[in-house]
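Scroll down for the structure; my scribbles are underneath it.
If you read the sequence from its start, that first residue is 1, and numbering goes on from there. Below, each value reflects all heavy atoms present in this structure, side chains not excepted, and no hydrogens, waters or symmetry copies.
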Amino acid sequence: MPPTLASLVQHSALKLTVRAGADRLGTPVRWAHASELTDPVPYMEGGELLLVTATNLDADNPEAMGRYVRRLAAAGVAGLGFAVGVNYDDVPQPLIGAAEEAGLPLLEVPRRTPFLAIAKAVSSEIAADQYRAVTAGFEAQRELTRAALAGDGPADLLARLAAQVDGWAALYDASGAVVAAAPDWAARRAARLTPDVERLRERPAPASVVVGDTDDRVELQSLGTGRRVRGALAVGTGAALGTAERYAVHSAVALLTLTTARSRSLQGAEQRLGAAVLRMLLASQPDHARAVAGDLYGGLLDAPFRLLIAEAPESSSTAQLAEAMETAAARSGETLLMVPEGERLVVLAADGGAAVAACAAYAEAQEDRPPRDPAAEDTEVVVGLSAPAGPIAVSAAYKQAEQALSVARRRGRALVEHEELAAGSVLPLLADDAVRAFADGMLRALYEHDAKGRGDLVASLRAWLSHHGQWDAAAADLGVHRHTLRYRMRRVEEILGRSLDDPDARMELWLALKVTHPPTAP
């Protein structure tokens, strides 16, 4: 700890005597400074032991000493050292009384003790304290490094860091979720800081912020070497960190950042291996793929999985989805095969697992979020999800995901599952502008004919097609004679230039009737 007035009084070579403020000798001393100015306060920073001989002071004047001492106390001076045997044989009583009243420690300095000796003693103790702090800091670095190299994860490192700072520590992932905490009770405390971690994540790394409440003081430090934050470290203590504790925290930040960077490099290698496995699966070589996958991806191939394709104009958008899925998979212990392909992201994830659920939640949040402006929609992620599949059906699953992705893009949806297409009607697949324009063009002449009051050809065509060309049933549905209906169908053929005996024509007309609407009157 830094020197105090008490340690200077106990210094046998200085022979200092306490004349006032004996109950405040625990005050730390930042420096010793000699000044004979009648008002040295403008040149003080606080925490100094001020040494005087009273050359320019009216030390016998109670009123003058009262003003002088009050100024020093208000400026945060640690104490006042008065040299006797120079201008005064004894410490003047008005000065002692003023010091007692202001609560400012007053030390008597004997003539044989030069001010330089006091300054050297303060400097020596400060240097010794700094050396002890640096030594403790280096020892903390070695201990934390050993914990990081042990490869047992961040828990041991956090436990040692918490012991070093006499507090608690917690590690957050890139999403702001608590990954580990020490001691165990700190996990709940750390979880309350997630909003602060999310705000810290918006700033380029490295960044830090101090937060806290009535319980403790918490420093949040971002982890990462680039603009993108990879995580955060929280350190909670009862007071501000000292030098040794600061060394320990900086070491932990460096080690966790290095570990994170190493994990990203390892993840890159795993990603390349995953790409090779995916290529083999798409080439209908499941046995070779399983051999290459080994223990890393083998478990994923032993159970049903989903293949999803995500696409966005900006790779950063798919990166956010990837991060959400990675975080969910890591928390649940799932294996995830993820392969970026430019603006696309191809993923194999366990069917019914946390990663697929995270993808669905991400898409739902994206659909619920109002666009910031018309151009903002161009950066949204669109996802196509296959039906559950196994290693021998990856090629088919890839096609399913692409089909679902195409439908999602046309419908303006964030995510479409292939099962929706297989179980539902084909009509929603036709609900885009191009199909509507085709249908409007095909039926416009009939609508225009009916609008002029020349008959009800559109309703007659719909009834005839819905009854599969049965004249009597269709005529009864319309409330007309079957000969009238036959006449109307001939007029439909004449106007459209299409034969209703052609099954393709009947199919196209039926679909057109399903997706089009009568033109509005001008």
Side-chain angles (χ1 to χ4, degrees), residues 311 313 367-368 370-371 373-378 380 382-384 399-522:
E311 186 177 77
E367 289 186 344
D368 292 340
D373 52 62
E377 297 182 357
D378 295 337
E380 300 297 308
V382 181
V383 181
K399 292 178 181 178
Q400 290 177 356
E402 280 198 315
Q403 291 168 354
L405 178 68
S406 177
V407 172
R409 196 184 300 112
R410 288 203 309 271
R411 294 185 189 177
R413 296 265 303 279
L415 182 146
V416 168
E417 297 187 40
H418 186 267
E419 290 166 309
E420 294 180 42
L421 312 182
S425 169
V426 72
L427 295 177
L429 305 182
L430 307 177
D432 63 19
D433 293 340
V435 174
R436 291 192 186 97
F438 173 80
D440 288 342
M442 174 176 285
L443 299 176
R444 178 167 294 276
L446 296 184
Y447 281 120
E448 291 176 350
H449 177 276
D450 290 350
K452 294 176 182 179
R454 298 179 180 177
D456 198 357
L457 299 187
V458 174
S460 299
L461 176 62
R462 181 178 286 109
W464 185 77
L465 291 172
S466 66
H467 286 285
H468 311 290
Q470 296 178 12
W471 299 102
D472 290 339
D477 194 20
L478 290 168
V480 299
H481 194 275
R482 66 176 180 277
H483 294 311
T484 301
L485 179 60
R486 287 181 183 276
Y487 169 76
R488 290 179 179 178
M489 291 302 97
R490 285 197 298 272
R491 287 293 294 142
V492 167
E493 289 180 320
E494 292 171 1
I495 292 172
L496 297 180
R498 304 287 297 271
S499 172
L500 294 179
D501 291 333
D502 185 349
D504 290 339
R506 291 198 300 271
M507 177 192 69
E508 290 175 1
L509 288 169
W510 178 247
L511 292 176
L513 288 168
K514 286 291 187 181
V515 302
T516 193
H517 302 284
T520 57

Original post:
Can you check whether Val416 reaches Leu405 side chain to side chain, under 4.5 Å on heavy atoms?
Top reply: no
Subject >> Test item: Ser460 and Leu478 side chains (from C-beta on) under 4.5 Å apart, heavy atoms >> reply: yes
Original post:
Does the salt bridge (Lys or Arg N to Asp or Glu O under 4.0 Å) test come out yes or no for Arg490 and Glu493, once each step is laid out?
Top reply: CA-CA 5 Å; Arg490 285 197 298 272; Glu493 289 180 320; over 6 Å; no
Subject >> Which atom of Leu485 lies closest to which atom of Ala474, heavy atoms considered >> reply: CD2-CB, 3.5 Å
Subject >> Nearest-0.5 Å distance, CD of residue Glu311 to CD of residue Glu402 >> reply: 9.0 Å
Subject >> Side-chain touch Met489/Leu457, heavy atoms, less than 4.5 angstrom >> reply: no
Subject >> Which atom of His449 lies closest to which atom of Ile495, heavy atoms considered >> reply: CD2-CD1, 3.7 Å
Original post:
From Lys514 NZ over to Leu509 CG, what is the distance, rounded to the nearest 0.5 angstrom?
Top reply: 13.5 Å
Original post:
Quick one: does Leu500's side chain get under 4.5 Å of Leu461's, heavy atoms only?
Top reply: yes
**OP:** State the NZ-NE2 distance between Lys399 and His418, to the nearest 0.5 angstrom.
**Re:** 11.0 Å
**OP:** State, to 0.1 Å, how close Ala505 and Ser499 come at their nearest heavy-atom pair, and which atoms those are.
**Re:** CB-O, 3.5 Å
Original post:
Going from CG on Leu446 to CD on Glu448, what distance comes out if it is rounded to the nearest 0.5 angstrom?
Top reply: 9.5 Å
Subject >> Val458 and Val492: CA distance, side-chain angles, deciding distance, side-chain contact (heavy atoms from CB on, under 4.5 Å) verdict >> reply: CA-CA 9 Å; Val458 174; Val492 167; over 6 Å; no
Original post:
When you look at Trp510 and Arg462, which way does the side-chain contact (heavy atoms from CB on, under 4.5 Å) test go after all the steps?
Top reply: CA-CA 7 Å; Trp510 178 247; Arg462 181 178 286 109; 4.3 Å; yes
Original post:
Backbone N or O of His483 within a donor-acceptor pair of the His481 side chain at under 3.5 Å?
Top reply: yes
Original post:
Should Trp464 and Arg488 count as side-chain neighbours, where that means a heavy-atom distance under 4.5 Å?
Top reply: no
Subject >> Straight-line distance of Arg411 CZ to Arg413 CZ, nearest 0.5 Å >> reply: 6.0 Å
Original post:
Roughly how far, to the nearest 0.5 Å, is the CD atom of Glu508 from the CG atom of Leu496?
Top reply: 11.0 Å
Subject >> Side chains of Arg410 and Ser406, donor plus acceptor under 3.5 Å >> reply: yes
